[in-house]
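Reviewing the structure listed below.
Note that the numbering runs from 1 along the sequence shown for the chain.
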Amino acid sequence: MSDPGAMRISDAEREATVEWLRVASVEGRLTLGELTERTEAAYTAVTQAELAVITSDLPGAGRSAPAPAPAYEPQGRPPGRVRKWFVAVMSESKRRGKWRIDQGLGAVAVMGGVVLDLREAEVRTDVVDIVVTAVMGEVKIIVPDGVDVELDGIAIMGEKKVKVNEAPPGVNAPLIRVKAYVLMGELKVIGDSRTKPLKKQWAAWREQWREMRGELTGEQHGPGSHGWHGSDRRDDRR
C-alpha cells in the first residue's frame with residue numbers, strides 16, 4: 001500500500017497552503033521572515049508530507065486541505081490613526097527585532113536616518129504599505145529575500161533603489177509597497193542577503209522538510225541555503 005504522504009500535490013493545494021500561512025501571519029503566529037520562508041517551501045514542495053511539515057506547528061495541523069480564513073481586522077484602532085510614523089530630524093530612528101505591523105507605516109528623514117527592519121515583524125495586514133520622505137537624509141528598509149517590492153514615487157537630486165532577491169513571477173509572495181519622495185537624499189530597500197543576517201533558531205519543521213527535499217532531489221541543503229534567491233530586483237517599478 002502506498003504512503004499517502006508521498007502523493008504528489010497539485011498547484012491548488014500549494015496555493016491553499018500559502019493562504020493558510022498568510023492567515024497565520026495576520027493572526028500573529030508567523031513573522032514576515034517566517035512567512036516568506038514557508039511560502040517558498042510551499043511552492044517548491046512536491047508531496048503531501050512536505051506540505052504537512054510546513055504547517056505542522058500551526059492550528060489545524062493534520063487536516064488534508066487548509067481552508068482559507070477571514071483576514072485579520074485590527075480591533076480598537078484609534079480614529080484617524082492611519083500610519084505609524086518614524087521620524088528622524090538631524091538624528092536617527094531605528095526599529096528592529098520583534099514588533100507588530102497592523103497599519104500603514106511612514107518614515108521621515110530630514111538630515112538624519114531611519115532604519116526599518118521588517119524581518120522579525122508580525123505583519124497583521126495583507127500588504128505592508130510604507131510612505132517615505134527623505135530630505136538630505138537616508139531611509140533604509142530591510143526585508144526578507146523572497147518578498148515582492150513595489151517602489152513608486154519621485155527622487156530629485158537623490159536616489160531610490162531596491163536590492164532584493166524576489167520570488168519568481170506568479171508566486172503569491174508577501175508584498176511590500178513603498179511610495180517615496182526623495183530630495184537630495186536616499187531610500188534603500190534591501191534584502192536579508194545584503195545586510196547582517198539574523199540569528200535564526202533551527203526550527204524542527206525546517207530540518208525535517210530539508211531532509212525530505214534531499215531524499216527527493218538527491219541534493220544536500222544546508223541551514224543557510226535558499227531556493228529562489230538568485231537575482232537582483234530592478235531599481236524601480238513605475
Side-chain angles (χ1 to χ4, degrees), residues 8-26 29-47 50-55 58 66 68 71 101 105 116-130 140-152 160-180 187-195 197-198 200 203 205-206 209-210 212-214 216-217 219 221-238:
R8 286 181 173 266
I9 55 176
S10 66
D11 288 341
E13 289 172 307
R14 292 187 185 92
E15 291 292 347
T17 298
V18 170
E19 174 64 13
W20 189 356
L21 295 171
R22 186 194 66 79
V23 171
S25 173
V26 299
R29 304 182 193 277
L30 299 173
T31 66
L32 180 61
E34 290 169 334
L35 171 61
T36 304
E37 181 183 38
R38 296 194 193 202
T39 296
E40 175 180 344
Y43 276 111
T44 55
V46 176
T47 66
E50 289 175 271
L51 287 186
V53 168
I54 294 167
T55 56
L58 299 177
I101 299 175
L105 303 178
L116 301 180
D117 190 339
L118 309 185
R119 293 173 293 174
E120 293 186 289
E122 293 180 1
V123 177
R124 303 296 187 97
T125 57
D126 290 334
V127 177
V128 180
D129 181 69
I130 308 174
K140 181 165 66 174
I141 302 170
I142 305 171
V143 302
D145 283 311
V147 300
D148 191 14
V149 179
E150 291 184 357
L151 175 58
D152 197 4
K160 54 187 179 75
K161 57 187 177 182
V162 176
K163 293 292 184 180
V164 176
N165 299 328
E166 68 175 334
V171 169
N172 187 19
L175 175 60
I176 314 296
R177 181 178 295 139
V178 182
K179 190 163 188 177
L187 163 69
K188 296 188 294 186
V189 184
I190 63 175
D192 186 74
S193 60
R194 296 179 178 273
T195 189
L198 293 174
K200 300 179 182 179
W205 80 267
R206 191 184 298 116
W209 187 85
R210 291 183 189 276
M212 288 182 178
R213 294 296 294 163
L216 286 170
T217 64
E219 298 176 357
H221 296 275
S225 63
H226 296 277
W228 291 343
H229 308 151
S231 60
D232 291 347
R233 270 299 304 268
R234 54 188 177 274
D235 285 353
D236 204 346
R237 175 182 291 186
R238 295 302 301 273

With a 4.5 Å limit on heavy-atom distance, are the side chains of [X] and [Y] in contact?
X: Ile9; Y: Leu51; value: yes
X: Lys161; Y: Val189; value: no
X: Ser25; Y: Leu32; value: no
X: Thr17; Y: Thr55; value: yes
X: Leu187; Y: Val178; value: yes
X: Leu58; Y: Leu21; value: yes
X: Ile130; Y: Arg177; value: no
X: Leu35; Y: Val123; value: no

As an exercise, state the distance from [atom1] of [X] to [atom2] of [Y], rounded to the nearest 0.5 Å.
X: Lys179; Y: Leu151; atom1: NZ; atom2: CG; value: 11.5 Å
X: Ile142; Y: Leu116; atom1: CD1; atom2: CG; value: 9.0 Å
X: Thr39; Y: Glu34; atom1: OG1; atom2: CD; value: 11.5 Å
X: Thr47; Y: Arg8; atom1: OG1; atom2: CZ; value: 8.5 Å
X: Thr31; Y: Leu118; atom1: OG1; atom2: CG; value: 11.0 Å
X: Glu15; Y: Asn172; atom1: CD; atom2: CG; value: 6.0 Å

If we ignore hydrogens and angles and just use 3.5 Å, is the side chain of Asp145 paired with the main-chain N or O of Val164 as donor and acceptor?
no
Side chain Ser10, main chain Glu13, donor-acceptor under 3.5 Å
yes
Can you name the closest pair of heavy atoms from [X] and [Y] and give their distance?
X: Pro144; Y: Gly33; result: CG-CA, 3.7 Å
X: Pro174; Y: Thr36; result: CG-OG1, 3.7 Å
X: Gly146; Y: Ala167; result: O-CB, 3.6 Å
X: Val149; Y: Glu166; result: N-OE1, 4.4 Å

Residue set satisfying salt bridge (charged side-chain N to carboxylate O under 4.0 Å, His left out) with Lys188, at least two apart, ordered chain then number -> Glu138
Applying salt bridge (charged side-chain N to carboxylate O under 4.0 Å, His left out) to Arg119 and not counting sequence neighbours gives Asp117, Asp192
Answer yes or no: is there an ion pair linking Glu40 with Arg38, defined by an N-O contact shorter than 4.0 Å?
no
List the steps and the verdict of side chain to side chain contact (heavy atoms under 4.5 Å, CB included) for Ile190 and Val143.
CA-CA 6 Å; Ile190 63 175; Val143 302; over 6 Å; no
